[in-house]
Amino acid sequence: QVQLVESGGGLVQAGDSLRLSCAASGRTFSVSGVGWFRQAPGKEREFVSAINWSGSNTDYADSVKGRFTISRDNAKNTVYLQMNSLQPEDTAVYYCAAVRSLSSRTYKSPHDYYYWGQGTQVTVSS
């Protein structure tokens, strides 16, 4: 069993930065792939970024490539999403998700994930 708790969201201005954290309980987090997704009002949940269990592989949506960085600290059972140069279109609820996997691949579909956090709101004003 893995429980995920996101934090670090907030209200910022365009061009600002935020760092989201996804803290996990459960011994299997260190052998889990983790993804970040976001959902804006009236839109479907979309992939943002993913990292494999060891941190050796990462993946990003085209819309955030070059601005967001995903990383993990398995000793702290935490995955981070550093978000720079935030834009109003980044406004959404951000969710982290986990799936037990020792694969080197990353997972981009929400259907691949088994555990989900409750989400944290990110609002970017223009």
Side-chain angles (χ1 to χ4, degrees):
Q1 187 76 8
V2 175
Q3 294 183 323
L4 306 175
V5 178
E6 302 95 335
S7 62
L11 172 63
V12 297
Q13 293 187 332
D16 286 350
S17 299
L18 281 175
R19 188 177 79 158
L20 304 184
S21 297
C22 173
S25 63
R27 290 177 290 179
T28 60
F29 187 72
S30 63
V31 294
S32 297
V34 175
W36 284 98
F37 293 80
R38 66 187 181 186
Q39 188 165 19
K43 294 187 177 181
E44 292 187 354
R45 190 167 297 191
E46 65 172 356
F47 169 76
V48 176
S49 183
I51 189 167
N52 75 319
W53 72 275
S54 66
S56 61
N57 284 322
T58 59
D59 202 356
Y60 299 92
D62 288 342
S63 59
V64 307
K65 206 169 288 184
R67 299 188 299 124
F68 291 11
T69 302
I70 191 171
S71 62
R72 69 187 299 161
D73 185 341
N74 284 344
K76 296 183 178 180
N77 266 12
T78 303
V79 169
Y80 305 98
L81 185 68
Q82 177 67 43
M83 304 187 297
N84 298 330
S85 301
L86 283 162
Q87 300 300 315
E89 52 266 34
D90 295 317
T91 296
V93 178
Y94 283 71
Y95 300 89
C96 69
V99 56
R100 288 182 61 182
S101 173
L102 285 173
S103 172
S104 61
R105 64 163 290 189
T106 55
Y107 299 88
K108 300 176 69 172
S109 170
H111 301 293
D112 291 326
Y113 290 89
Y114 191 77
Y115 303 102
W116 288 85
Q118 83 292 345
T120 185
Q121 177 71 47
V122 172
T123 303
V124 185
S125 63
S126 57

Exercise for the section: State yes or no: do I51 and F37 share one hydrophobic cluster built from I, L, V, M, F, W and Y residues joined by side-chain heavy-atom distances below 4.5 Å, directly or via other members? Expected result: no
Problem - Side-chain touch L81/S49, heavy atoms, less than 4.5 angstrom - result: yes
Handout entry: Spatial distance of atom CE (M83) from atom CZ (R67) [nearest 0.5 Å]
Key = 9.0 Å
Practice task
Decide if atom NZ of K43 counts as having more than 12 heavy atoms of other residues, nucleotides or ligands within a radius under 6.0 Å.
Solution key: no
Exercise for the section: Could you list the residues that satisfy side-chain contact (heavy atoms from CB on, under 4.5 Å) with S63, not counting sequence neighbours? Expected result: R38, A61
Practice task
Could you tell me the separation between the OG1 atom of T58 and the CZ atom of F68, rounded to the nearest 0.5 Å?
Solution key: 14.0 Å
Practice task
Consider only side-chain heavy atoms of I, L, V, M, F, W and Y, link residues closer than 4.5 Å, and tell whether V48 and L18 are in one cluster.
Solution key: yes
Exercise for the section: Report yes or no: does S109 contribute a side-chain atom to a donor-acceptor pair with the main-chain N or O of H111 at less than 3.5 Å? Expected result: yes
Problem - Approximate separation, where rounding is to 0.5 Å, of S30 OG and K76 NZ - result: 15.5 Å
Problem - Joint cluster assignment, Y95 & V124, ILVMFWY side-chain distance < 4.5 Å - result: no
Handout entry: F29 six-ring centre to R72 NZ/CZ under 6.0 Å and within 45° of normal
Key = yes
Problem - Same apolar cluster: F47 and Y94, side chain cutoff 4.5 Å - result: no
Exercise for the section: Establish, from distance only, whether the side-chain atoms of S17 and N84 form a donor-acceptor pair under 3.5 Å. Expected result: yes
Exercise for the section: Identify the two heavy atoms, one from G15 and one from Q87, that lie closest to each other, and give their separation to 0.1 Å. Expected result: N-NE2, 4.2 Å
Handout entry: Euclidean distance, N52 CG relative to Y107 OH, rounded to 0.5 Å
Key = 9.0 Å
Practice task
Examine R19 relative to Y80 and say whether NZ or CZ is less than 6.0 Å from the centre of the six-membered ring and inside a 45° cone about the ring axis.
Solution key: yes
Problem - From S85 atom OG to D16 atom CG, the distance as rounded to the nearest 0.5 Å - result: 9.5 Å
Handout entry: Closest non-hydrogen atom pair, P88 against A14
Key = CD-CB, 4.2 Å
Handout entry: Heavy-atom side-chain contact between P110 and W116 under 4.5 Å
Key = yes
Handout entry: V2 and L4, any side-chain heavy atoms less than 4.5 Å apart
Key = yes
Handout entry: Neighbour count above 12 (heavy atom, 6.0 Å) for R105 CZ
Key = yes
Practice task
Find the distance between CD (Q82) and CD1 (I70) and round it off to the nearest 0.5 Å.
Solution key: 12.0 Å
Practice task
Flag the pair L86 / Q13 as yes when at least one side-chain heavy-atom distance between them is below 4.5 Å, and no otherwise.
Solution key: no
Problem - Check: Q118 main-chain N/O paired with E6 side-chain donor or acceptor under 3.5 Å - result: yes
Fill in the blank from the handout: Residues G26 and N77: closest non-hydrogen pair is O-ND2, 3.4 Å
Exercise for the section: Could you pull out the closest heavy-atom pair between L20 and G9, with the gap in Å? Expected result: CD2-N, 3.6 Å
Practice task
Would you indicate whether Q3, at its atom CD, is surrounded by more than 12 heavy atoms from other residues, nucleotides or ligands within a distance under 6.0 Å?
Solution key: no
Exercise for the section: Treat each ILVMFWY residue as a node, draw an edge where side-chain heavy atoms are under 4.5 Å apart, and state whether W53 and V99 are in one component. Expected result: no
